[in-house]
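What follows is a single structure, written as structure tokens, with notes after it.
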Amino acid sequence: MNKPVKSLFQSRLMLIGLMLVFAGPLVLASVLYTFRDSIDLPGISVHGELVTPARPVERISATGVNGAALTADDLHDRWTLLYLGDSHCDLNCEAGLFKLRQVRLSLGRELTRVQRWYLYAGDEPSEHLTSILRGHTGMLVGRLNSPLNQLLMGLPNNGIYIIDPHGNLLMHYGASVTSKGILKDMKRLLRVSRIG
């Protein structure tokens, strides 16, 4: 092969290489998007159950321990870690409240973006619940005035929920979740979110 032909061949190879560098990712993204249902791509792992679609918490009506009304408006502008329980607070409830406190404290400088709520259905809080709540300063506590099924619309009626700053139920966690799992989900939500 003579020198001009070799040089022309190398130039074309370089041009094809440059085209692949710039057009390759676009072509690959188009193929993945087109065949996304038939290609098994790794998903994002979450530690709770996603509430799909996210449900707005519009019908919430609760009375705080100080007698003030708690409404859906109090959920806006901050992320909310909500524990739904009863007026007695069993061991799962105690563990859930502890997890909420630990998760919020572990957020470091982001903790001001997150608030904690404990809502219970039923009678006045028991002595046991009152003594537990003394160790959870800064948490909003209220007794539900409306039926729980109106608030949850078919979701589990106990456990931990994450509510976004627009007042939407996003995730539910059962009793077996660890605070580390909730923390990972919460950090991810705060990182990708510009709200709250």
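Remember, it's a predicted structure, so these values are computed and weren't measured experimentally.
Taking the side chain as every heavy atom from C-beta outward, Trp79 and Leu170 approach each other to under 4.5 Å. The side-chain heavy atoms of Glu94 and Cys89, taken from C-beta on, include a pair separated by under 4.5 Å. The shortest side-chain heavy-atom distance between Ile182 and Met171 does not fall under the 4.5 Å cut-off. Looking only at side-chain heavy atoms (C-beta outward), Tyr118 and Leu129 come within less than 4.5 Å of each other. A heavy-atom distance below 4.5 Å is not found between the side chains of Cys93 and Tyr120. For the pair Arg78 and Val114, the minimum side-chain heavy-atom distance is 4.5 Å or more.
Distance NE2/His136 to CG/Leu133: 7.0 Å, rounded to 0.5 Å. Taking CH2 from Trp117 and CG from Leu75, the interatomic distance works out to 4.0 Å, rounded to the nearest 0.5 Å. Taking OG from Ser106 and NZ from Lys180, the interatomic distance works out to 10.5 Å, rounded to the nearest 0.5 Å. In this structure, CG in Leu13 is found 11.0 Å from CG in Leu18, a value given to the nearest 0.5 Å. Note that the CG atom of Leu100 and the CD1 atom of Ile160 stand 4.5 Å from one another [nearest 0.5 Å]. For the atom pair Leu144 CG and Leu119 CG, the distance stands at 5.0 Å (nearest 0.5 Å).
Applying the side chain to side chain donor-acceptor pair (under 3.5 Å) definition to pairs two or more places apart or across chains, those involving residues 168-179 are Asp164-Asn168, Tyr173-Asp185. Every pair tested for side chain to side chain donor-acceptor pair (under 3.5 Å) that includes a residue from residues 81-91 fails, sequence neighbours excluded, so the list is empty. Sequence neighbours left out, the pairs with a member in residues 124-142 that pass salt bridge (Lys or Arg N to Asp or Glu O under 4.0 Å) are Glu124-Arg143. Screening residues 13-34 for side chain to side chain donor-acceptor pair (under 3.5 Å) gives no qualifying pairs among residues at least two apart or on separate chains.
Closest approach of Leu81 and Met186 over heavy atoms only: CD2-SD, 3.9 Å. Taking each heavy atom of Thr137 and Arg116 in turn, the nearest pair found is O-NH2, 2.7 Å.
Under the 3.5 Å distance criterion, the side-chain polar atoms of Ser193 are matched with a main-chain donor or acceptor of Ile195. Proximity of a side-chain donor or acceptor of Gln115 to a complementary backbone N or O of Gly138 within less than 3.5 Å is not detected.
In this structure, Val103 is not a member of the same hydrophobic cluster as Phe98, with clusters built from ILVMFWY side-chain heavy atoms closer than 4.5 Å. Under the 4.5 Å side-chain heavy-atom criterion for Ile, Leu, Val, Met, Phe, Trp and Tyr, Met139 and Leu105 are members of distinct hydrophobic clusters.
With sequence neighbours left out, the salt bridge (Lys or Arg N to Asp or Glu O under 4.0 Å) criterion links Glu110 to Arg113.
In this structure, Ile16 belongs to a hydrophobic cluster whose other members, linked by side-chain heavy atoms under 4.5 Å apart, are Leu20.
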